[in-house]
Structures are given as C-alpha cells and as structure tokens.
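Working notes for the structure below.
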Amino acid sequence: MEPSLSTEQPTAPTHFIHKIIEEDLAAGKNDGRVHTRFPPEPNGYLHIGHAKSICLNFGLAQEFGGQCNLRFDDTNPVKEEEEFVDSIKEDVKWLGFDWADREFYASDYFGQLYEWAVQLIKAGKAYVEDLSADEIREYRGTLSEPGKNSPHRDRPIKENLNLFEDMKKGKFPDGAKVLRAKIDMASHNMNMRDPVLYRILHAEHHRTGSDWRIYPMYDWAHGQSDSIEGITHSICTLEFEDHRSLYDWCLDALGVYHPRQYEFARLNLTYTVLSKRKLIQLVTEKHVSGWDDPRMPTISGLRRRGFTAAAIRDFCERIGVAKANSTVDLSLLEFCLREELNKTARRVMAVLRPLKVVLTNYPEGQVEDLEAQNNPEDPDAGHRTIPFSRELYIEQEDFMEDPPKKFFRLAPGKEVRLKHAYIIQCQEVIKNNKGEVTELHCTYDPESKSGGPTAGRKVKGTLHWVSVLHAVTAEVRLYDHLFSEIEPDKIEIPESLNPNSLETITDCQLEPSLKDAKPGERFQFLRMGYFIADQKDSKSGAPIFNRTTPLRDTWAKIQKKG
RNA sequence: UGGGGCGUCGUCAAGUGGCUAAGACACAGGAUUUUGAUUCCUGCAUUCGGAGGUUCGAGUCCUCCCGCCCCAGCCA
C-alpha cells in the first residue's frame with residue numbers, strides 16, 4: 001500500500017463545545033480534566049439523535065484523554081423500565097463506546113440528594129407545599145405575568161423538616177405535598193418560580209424498589225449527579241437552556257463542586273420522526289413490528305436494517321455541532337452508509353423478481369464454474385465460483401419488449417453481458433395466455449466468456465443472473481422511508497406514514513453461496529443494493545434478507561425525467 | 001405582547017474587521033467502468049434574514065426591524 005501523499009485532512013471538529021474545552025484546558029481549569037457523561041432516561045430506546053449526543057460526549061472525552069460516564073437518569077419510576085436500560089447499554093456498546101466501570105444511576109444518589117434537600121430546607125431555601133398541582137399552576141403566573149407566593153412559602157424550617165420527613169416516610173398520598181425551592185415567583189424564567197424539587201410517588205422503582213416514596217425531579221437530580229461524578233462539561237440539548245440558571249442555583253445553594261452546562265441543537269432528519277412520543281406511538285399502535293423494526297430510526301432498528309456503527313459515527317461527525325435548529329438531509333446518512341459498505345460488502349448475485357432465460361445453444365446438462373471477484377474495492381476479499389448453466393434467472397426489470405432509446409439492457413434482438421459470464425442475445429419472447437412475458441429464449445456467444453482470451457467485445461449493458469438449477473429461494477424485505485412526508489412531524493401519524501415502506505418478496509433467487517449466510521452478514525446484491533441477513537428471522541439454510549439501502553440509481557433518475 | 005436562544009448555498013456547516021465567503025451532502029454536466037455502482041474531473045452563495053450606521057475596509061462592530069425555536073409538568 002502506498003502512503004497517501006494527499007495533504008487533505010479529515011476536517012477536525014472545531015465546534016463551539018470543542019473550543020470551550022480547549023480554552024478551559026489552556027486556562028488550567030479542572031486540573032486539566034475532561035469528564036463528560038451521557039445521561040439517558042431509561043424510558044425508551046435510543047435513536048439516531050441520541051447517537052449524536054453519544055458521539056459528542058464519548059468523542060470529546062476520547063479526544064482530550066478524559067472519561068465519559070454512562071448515567072441513567074432514572075428519577076421517574078412510573079416511566080422507566082429495566083428493558084430500556086438493557087437496550088441502551090447494548091446500543092452504546094454497539095456504537096463502539098466504552099464506559100468501563102462507570103455505569104451510574106441517578107437513583108444511586110437518592111440518599112445524598114435527600115440529605116442535600118434537608119440541607120436546603122435548613123438554609124431556608126426550600127419549603128413543603130400543600131397546594132395541589134392545579135393550584136401551583138395558577139400561582140405560577142404566566143409568561144407575561146409574575147406568579148404569587150404560595151401561602152406555605154414561609155413555613156417555619158422546623159415544620160418543613162418534619163413534613164419532608166413524613167413525605168419520605170410515606171405518610172401522604174401521591175400529589176398531597178411537594179418540596180419546592182424558594183427562589184423567585186416573579187422571575188422572568190419560569191423555571192425559577194419556586195420549582196418543584198421532590199414529588200410523592202408510591203411507585204416501584206426499577207432499582208430501588210419500594211425504598212422511596214418521594215422522588216427528585218430532574219432539576220434537583222441532574223446537576224448534583226454531575227457534581228458527584230466530577231463531570232466537567234455537562235452537555236445537553238437546547239431545550240435545557242432555560243434550566244441552566246436553576247442548575248447553577250442548586251449547586252451554588254449547596255456549595256458543592258460546580259460543573260458547567262452547555263447546550264447544543266438536537267438532531268432532526270428529513271423523512272424521520274425522532275420525538276419520543278411518536279416513536280412510542282409507532283410501536284404501541286403497531287405501525288412497525290417493534291422498537292427494532294428496520295424502518296425505525298432507533299439504533300436497534302438501524303442495526304437490524306444493516307447500518308454499521310462506523311457509518312453512524314461518521315455521520316455524527318459530519319453533521320457538526322451548533323446551536324441553530326436544523327434538519328439534516330437523510331441522504332447524508334445514506335451516503336455515509338454506502339461509503340463504508342462499498343468498501344466492505346461482499347458482492348453477490350441475487351435476482352429479486354425472476355424472469356427465466358433459456359440459452360438455446362448452450363449444451364443441456366452442462367454446468368460451468370465461473371470465477372467471480374468478491375469485492376473489486378478490496379482485492380483481499382478474494383474470489384468464489386458461481387455455477388452457470390443453460391437455464392438462468394434475470395431481473396424482470398432488466399428486460400423490455402419495447403425499450404426506449406437509452407435502455408442498455410435486454411430486449412428482442414439485443415445483446416447484454418451476463419456478469420462474470422457470457423454475452424447473450426435475445427431471440428424469442430415467450431408469453432402466457434394473458435400476454436405476460438414468462439420466458440426468454442436467448443443464444444450465448446461462447447467466444448465472449450469473462451476473463452477468456454476473446455472476452456474483449458464490448459456491449460453496453462451488464463446484468464446479474466442466477467442459475468435456475470442452483471438457485472436458492474429466499475425472502476427479501478425491501479424498505480423505504482417510513483414516512484412519505486419530508487417533515488413528518490407536521491402531520492399526525494397514520495396520515496404521515498408511507499404505505500409502501502415495506503415490500504416483502506418471497507421468491508427471490510440467490511446464488512448458491514448465499515444459502516448459508518449468517519444472520520447479521522452484509523452483502524451487496526450486485527446492481528440492487530446492500531442487504532443484511534436479518535438477525536432475528538434469518539436462519540442458515542433459510543436466509544431472509546433486509547435491504548439496507550439501494551445503490552445509487554442513475555437509470556431510475558433518467559426514467560423519471562422521461 | 002415576559003424571558004432564553006437562533007438566523008451564512010436546496011441541506012448541514014466553517015468563518016471571531018483585511019487575499020476572489022472553507023468543506024461535505026444534494027443537484028447538474030462530462031470521463032472511465034464486465035455493477036447505468038464505485039472512481040475521476042467540472043459547475044454550483046458578486047453574497048452572509050432586512051435596513052441604516054461606524055470604518056480605508058464588515059458575514060464579522062453598533063442601532064433598529066423581520067423571521068424561526070424553547071419555557072407556564074408534581075416529565076426528562
């Protein structure tokens with residue numbers, strides 16, 4: 001391999017958070033430490049938007065020689081489940097990141113968080129509220145009008161302490177009381193109008209069981225968890241920008257180590273829905289087969305679809321990190337995918353919609369083993385042999401009885417090259433009584449054998465094919481966008497769905513080497529696209545393939561233009 | 001109409017007062033090709049949401065205006 005003389009370097013990420021860290025390091029902050037965290041709530045599966053955050057947090061730690069924790073933000077027992085923490089761990093690992101022994105849970109800190117709440121009460125900075133949720137809302141005021149103080153705001157510290165302890169002991173029903181920070185009911189920032197710190201929830205927690213009757217709110221748990229873990233840069237999405245002053249207030253009120261929060265714009269993708277609400281809706285209303293349906297933008301869905309972790313990481317690097325809301329073109333993700341698959345996927349031949357071809361001048365009963373390169377982009381991938389015989393299948397769309405001018409494929413009287421094999425010419429079109437083409441009679445040119453001494457003759461088109469006698473029948477699932485709208489969030493779910501997002505073909509004919517494809521194995525079906533043997537349904541000997549993405553199709557574009 | 005953010009090519013996104021406003025994707029041409037794939041060339045913002053102003057010089061500084069996003073959960 002020759003060393004590359006290119007001076008082009010992959011553009012190093014220079015986004016604003018990267019710069020902040022560089023500046024912090026230069027200024028000697030945090031003793032030169034960089035410590036981030038990825039803090040998912042275990043109430044759903046991770047999706048491509050989370051991947052952006054994962055790559056950012058783990059990537060920054062990696063680049064600066066720091067560490068990144070995996071921390072589950074499990075402060076709401078009524079929404080969170082073990083199933084989700086398992087899937088999250090699997091997905092982060094699959095993406096290629098390692099949190100070593102730093103797997104943490106906000107629930108690990110419930111004890112400390114409670115003590116800190118007591119400390120806050122003692123400092124006169126928190127009080128127990130008796131008002132109902134509705135009343136609290138009324139007292140909060142509106143965006144343009146200040147709120148009013150709660151009648152319980154000036155409760156004596158001693159009383160607050162007792163009440164809070166009783167809340168902890170489970171003496172009150174859900175919703176009866178709540179602990180609030182005493183900040184400023186007239187603040188322009190709604191989050192500072194005496195935010196709720198603790199609520200009563202008589203619910204089983206997936207980790208702490210029935211130990212607790214009160215659970216901290218996000219704002220009380222997050223910053224302190226960051227503090228406990230020694231996080232230096234707490235990176236979150238834009239909607240938490242308004243929470244930053246509360247994040248800072250809590251840490252300052254306690255006088256503990258104070259990490260800094262930075263916000264970036266979350267990822268949006270064309271033709272894709274990423275909101276948790278809609279993702280859950282897709283699953284519960286069974287518009288998809290589950291969280292890992294290959295059409296889902298979840299990590300598990302993308303994995304099953306055949307995406308690679310490297311392609312997703314590359315994508316996350318290319319989209320950049322900024323504060324402007326943006327919607328990335330899905331074609332960029334597809335580009336990253338194809339770029340990698342082109343280099344790595346083994347080429348094979350598979351006929352999705354078979355049309356039989358009989359080579360009338362080929363000896364009956366003869367079988368030739370032809371040599372085929374596994375991947376022209378990777379000489380190390382080697383070669384394999386493919387059986388060739390008198391009866392073959394070609395793709396239905398590769399034949400037209402009355403073709404337009406620029407159709408380079410098979411038509412009556414026309415010649416094409418069969419990949420790795422011979423040039424054939426169409427002599428006769430056989431039809432059934434409905435007038436449908438059922439079979440083609442062709443002749444082959446024995447002088448045109450691939451790799452042979454007289455193979456030089458050029459024809460315009462090359463087709464993939466499979467020998468009838470040796471073909472393996474398989475199911476193939478063709479996927480398209482789940483949504484037909486470029487901005488599916490603007491429309492409600494049944495209407496926004498693409499009715500043709502899944503097409504299952506059951507009588508595909510594959511070259512024999514595919515018979516024992518292992519679940520999870522990826523291929524390029526020559527001229528058709530990239531496919532993966534489904535990890536759930538495919539079995540060695542009875543393979544089922546998912547189309548990851550089609551190849552770029554210039555011919556389709558020409559046809560569209562007419 | 002309170003507060004917090006954001007507006008640079010179709011889409012992302014560099015740019016932090018001084019050469020003709022990076023790069024990628026997309027798109028459009030062309031070359032090579034036993035995948036109409038890949039690869040390779042070429043083109044693609046006289047202009048930075050708008051209007052004024054400061055300056056020898058502004059996407060970058062100032063003023064005003066316009067537009068978009070987020071916040072009134074005992075969700076995160």
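Since we're looking at a predicted model, the values are computed, not measured. Per chain, numbering begins at 1; letters A, B, ... match sequence-line order. Basis for what follows: all heavy atoms, side chains included, without hydrogens, waters or symmetry-related copies.
At a cut-off of 3.5 angstrom, the base of B/G36 holds at least one donor-acceptor pair with the side chain of A/Arg409. One donor-acceptor pair, N or O on each side, does fall under 3.5 Å between the base of B/U34 and the side chain of A/Arg417. In terms of polar N and O atoms assigned as donor or acceptor, the side chain of A/Glu377 never comes within less than 3.5 Å of the base of B/U39 in a complementary pairing. For B/A76, the base has a donor-acceptor partner in the side chain of A/His243 [N/O atoms by modelled type, under 3.5 angstrom]. For A/Asp242 against B/G5, no side-chain N or O and base N or O form a donor-acceptor pair under 3.5 Å. With hydrogens and angles left out, the side chain of A/Lys449 and the base of B/U34 share no donor-acceptor pair within 3.5 Å. Side-chain to base pairing of A/Arg347 with B/U35: one donor and one acceptor N or O lie within less than 3.5 Å of each other.
Of the residues listed (A/Glu263, A/Arg37, A/Glu229, A/Arg260), the one engaging A/Ser234 in a side-chain hydrogen bond (donor to acceptor under 3.5 Å, both in side chains) is A/Arg37, and it is the only one.
Ring centroids of A/Phe240 and A/Tyr247 are separated by 6.0 Å or more, keeping the two rings apart. For A/Tyr215 and A/Phe110, the ring centers are positioned less than 6.0 Å apart. Ring centroid separation for the pair A/Phe545 and A/Phe531 does not come in under the 6.0 Å cut-off.
No engagement by A/Tyr530 is indicated, since no non-hydrogen atom pair under 4.0 Å with the nucleic acid exists. When heavy atoms are screened at a 4.0 angstrom cut-off, A/Lys177 is found touching no nucleic acid atom at all. Contacts of A/Lys458 with the nucleic acid, taken as non-hydrogen atoms under 4.0 Å apart, involve only primed sugar atoms and P, OP1 or OP2. Within 4.0 Å (heavy atoms only), A/Ala322 reaches sugar-phosphate atoms of the nucleic acid but no base atom. Counting non-hydrogen atoms under 4.0 angstrom, A/Gly461 reaches nothing in the nucleic acid. Nucleic acid contact class of A/Ala455 (heavy atoms, under 4.0 Å, all strands): base. Across all strands, A/Arg193 comes closer than 4.0 Å to no nucleic acid atom at all (heavy-atom distances). As judged by a 4.0 angstrom heavy-atom cut-off over every strand, A/Ser132 is placed among the base-contacting residues. Among the heavy atoms of the strands lying under 4.0 Å from A/Ser331 are primed sugar atoms or P, OP1, OP2 only; no base atom is included. As judged by a 4.0 angstrom heavy-atom cut-off over every strand, A/Tyr215 is placed among residues making no nucleic acid contact.
If you take atom C1' in B/C40 and the same atom in B/U33, they sit 11 Å apart, rounded to whole Å. Comparing the same atom, C1', in B/U16 and in B/U60 gives a spacing of 7 Å after rounding to whole Å. When the C1' atom is used for both B/U11 and B/U55, the distance is 35 Å, rounded to whole Å. Comparing B/A24 with B/U8, their C1' atoms are spaced 15 Å from each other, to the whole Å. Between the C1' atoms of B/G50 and B/C66, the separation comes to 7 Å (whole Å).
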Worked check of side-chain hydrogen bond (donor to acceptor under 3.5 Å, both in side chains) between A/Ser448 and A/Arg417: CA-CA 9 Å; A/Ser448 63; A/Arg417 155 80 60 187; 4.6 Å; no
Salt bridge (Lys or Arg N to Asp or Glu O under 4.0 Å) assessment of A/Glu447 paired with A/Arg457: CA-CA 9 Å; A/Glu447 300 293 298; A/Arg457 190 156 70 89; over 6 Å; no
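With hydrogens and angles disregarded, a donor-acceptor distance shorter than 3.5 Å links the side chain of A/Asp194 to the backbone of A/Ile183.
What separates CG of A/Asn325 from P of B/U11 is a distance of 14 Å, to the nearest Å. For the pair A/Met217 CE and B/C75 P, the computed distance is 5 Å after rounding to whole Å. We find that CG of A/Leu332 is positioned 17 Å from P of B/G10, with the value rounded to whole Å. Counting to the nearest Å, the C1' atom of B/U38 and the CZ atom of A/Phe335 are 11 Å from each other. Atom CD in A/Glu239 sits roughly 20 Å away from atom P in B/C68 (whole-Å rounding).
With a 3.5 Å ceiling on both atom-pair distances, the Watson-Crick or G-U wobble partner of B/G43 is B/C27. With a cut-off of 3.5 Å on both Watson-Crick or G-U wobble distances, the partner of B/U20 is given as none.
Closest approach to the A/Ala324 side chain among B/G7, B/C74, B/G36 is made by B/G7 (side chain taken as heavy atoms from C-beta onward).
Along RNA chain B, the nucleotide nearest to A/Asn189 and the one nearest to A/Ser448 differ in position, and the one closer to the 5' end is contacted by A/Asn189.
Side-chain N/O atoms of A/Lys557 include one lying less than 4.0 angstrom from OP1 or OP2 on B/C27.
Judged by ring centres under 5.5 Å apart and planes tilted less than 30 degrees, A/Tyr218 fails to stack against the six-membered base ring of B/A76.
Within 90° of 0 lies the glycosidic angle of B/G73, which makes this nucleotide syn.
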